[in-house]
Amino acid sequence: MGRCSTPTACSDRLRAPLAALALGLIASAGCARRHETPPAPPPAPPLTAWPAGRTEPLRITDSLVLQIPLQYERSAIEDGRAPRSPFPGVAGRTEARFDFFLPDLSGYTLQNYRNQRDENKVEVVYLHAGNSHEADPGAPGEYPPNMLKRMLQDQLDPRSARDMYALKCYAGRVLTDRLACYGVRDARTHEDILLYVPVATQPAPDDFPVIKANYFSRRYGGVRIAWRTHARNLPRWHEIDAQIWKFIEAWRLAPSPTEPAAPRTPSPGAGRHGNGPG
């Protein structure tokens, strides 16, 4: 750097870099202010009652669209669990689920919601479209007569059959910790059910034995349904299953005038079975 000819010249040469530095600091401060994280919104006030209303329309099949009251939806206050989930592979179809409580068939409250091991709770794990041909003789899938026939061939012991609560129950050949119980669930529509029932053993303090049902029904163009509840509710299995279908019918939206009418449920006719495959 050359020497200044006068003090004024030296002052001018130093002033320019200092001004540039000051402008840079001001600009940096402005950018920092623009990128500051906004304050978090205040937390929502605590709930004083279970949310009211219904879910958005859930299209299960072309002839079954549901709007479920939020009192039967645990997801009404759980952000991480949506009230429905897409049914893969079928455009525009969804899967519904809901819960209710015995003995009065009520829904959730802020009190019973907290008990994850409520023995009075019935959970409908899924309700979604099925293949309309699942009810064909010998077809794969979850149609109870076909399931029982397959299971008696290689999983269940036919000689172990015993009657329980209007069901015929079979012990497993290998798996001995549960029974497979079969019976008529709806005489009007000629449809049956297959329940899985835990075998009573010496209970541990943290045991929570459940009975489970999953099956295909020809109703509404063909649907699959699964539900479960505590094993102590086995004597009420028929009431529970019938109530699930009453809920479905009560929450069903009427088809629009442009939608085709649902086909009538076919009758199996002469091939009718009783508490076992024909």
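For the single chain, residues carry numbers from 1 onward in sequence order. What you see below is based on every heavy atom in this structure, not just the backbone, and it leaves out hydrogens, waters and symmetry mates.
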Can you tell me if [X] uses its side chain to pair, donor with acceptor, with the backbone of [Y] under 3.5 Å?
X      : Y      : result
Arg93  : Leu58  : no
Asn112 : Gly107 : yes
Asn233 : Glu119 : yes
Asp157 : Gly172 : no
Arg218 : Thr189 : yes
Thr229 : Lys121 : yes
Trp50  : Ala76  : no

When rounded to the nearest 0.5 angstrom, what distance separates [atom1] in [X] from [atom2] in [Y]?
X      : Y      : atom1 : atom2 : value
Ile225 : Arg97  : CD1   : CZ    : 14.0 Å
Gln111 : Thr109 : CD    : OG1   : 4.5 Å
Ile193 : Met147 : CD1   : CE    : 9.0 Å
Leu195 : Arg178 : CG    : CZ    : 11.5 Å

Can we say [X] and [Y] salt-bridge, meaning some charged N sits less than 4.0 Å from an Asp/Glu carboxylate O?
X      : Y      : result
Asp241 : Lys246 : no
Lys168 : Asp163 : yes
Glu73  : Arg54  : no

Non-hydrogen atoms of [X] and [Y] that approach each other most closely:
X      : Y      : value
Leu167 : Gly183 : CD2-N, 3.7 Å
Thr61  : Gly222 : CG2-O, 3.8 Å
Gln67  : Thr55  : NE2-O, 2.9 Å
Ser160 : Ala171 : OG-N, 2.8 Å
Ile211 : Leu234 : CD1-CA, 3.8 Å
Asp207 : Arg117 : O-NH2, 3.1 Å

*Which residues share a ring pair (Phe, Tyr, Trp, His ring centres under 6.0 Å) with Tyr126, sequence neighbours left out*: His128

*ring pair (Phe, Tyr, Trp, His ring centres under 6.0 Å) with Phe101: which residues, sequence neighbours excluded?*
Tyr108

So, do [X] and [Y] sit near enough that their side-chain heavy atoms are less than 4.5 Å apart?
X      : Y      : answer
Tyr182 : Asp192 : yes
Ser217 : Arg185 : yes
Val122 : Asp99  : no
Leu127 : Ile248 : yes
Met164 : Arg162 : yes
Ile244 : Trp227 : yes
Met151 : Leu194 : yes
Arg173 : Pro158 : yes

*asked:* Around atom CZ of Arg150, are there more than 12 heavy atoms from other residues, nucleotides or ligands closer than 6.0 Å?
replied: yes

*Please say whether more than 12 non-hydrogen atoms of neighbouring residues, nucleotides or ligands are located less than 6.0 Å from CZ in Arg228.*
no

*Which is it for Asp136 and His133 under the side-chain hydrogen bond (donor to acceptor under 3.5 Å, both in side chains) test, yes or no, and what are the steps along the way?*
CA-CA 5 Å; Asp136 294 348; His133 293 289; 3.1 Å; yes

*Test salt bridge (charged side-chain N to carboxylate O under 4.0 Å, His left out) applied to Asp118 - qualifying residues, sequence neighbours left out*: none

*Apply the ring-ring contact (aromatic ring centres under 6.0 Å, His included) test between Tyr72 and each candidate in Phe100, Phe98, Trp251; give the one that qualifies.*
Trp251

*Just say parallel, tilted or perpendicular for the rings of Tyr220 and Trp245, cut-offs at 30° and 60°.*
parallel

Are [Y] and [X] connected into the same hydrophobic cluster when the rule is that any two of I, L, V, M, F, W, Y join if their side-chain heavy atoms are below 4.5 Å apart?
X      : Y      : value
Leu102 : Phe208 : no
Ile240 : Val210 : no
Leu156 : Leu175 : no

*Give the C-alpha distance, both sets of side-chain angles, the deciding distance and a yes or no for side-chain contact (heavy atoms from CB on, under 4.5 Å) between Tyr196 and Asn214.*
CA-CA 9 Å; Tyr196 302 100; Asn214 61 284; 3.4 Å; yes

*asked:* Run Glu134 and Arg224 through salt bridge (Lys or Arg N to Asp or Glu O under 4.0 Å) and show every step you take.
replied: CA-CA 10 Å; Glu134 278 187 63; Arg224 284 183 171 188; 3.0 Å; yes

_Applying ring-ring contact (aromatic ring centres under 6.0 Å, His included) to Tyr143 and Tyr215, what does each step give before you reach the verdict?_
CA-CA 6 Å; Tyr143 188 55; Tyr215 60 86; 9.5 Å; no

*Could you give me the CA-CA distance, side-chain angles and deciding distance for Val199 and Leu179, then say whether side-chain contact (heavy atoms from CB on, under 4.5 Å) is met?*
CA-CA 7 Å; Val199 175; Leu179 302 173; 4.1 Å; yes

*Please assess Val223 against Phe216 for the test side-chain contact (heavy atoms from CB on, under 4.5 Å), listing each intermediate value before the final yes or no.*
CA-CA 6 Å; Val223 295; Phe216 171 84; over 6 Å; no

*For Ser63 and Arg252, run side-chain contact (heavy atoms from CB on, under 4.5 Å): C-alpha distance rounded to whole Å, both residues' side-chain angles, the deciding distance at 0.1 Å, then the answer.*
CA-CA 9 Å; Ser63 57; Arg252 180 190 179 203; 4.3 Å; yes

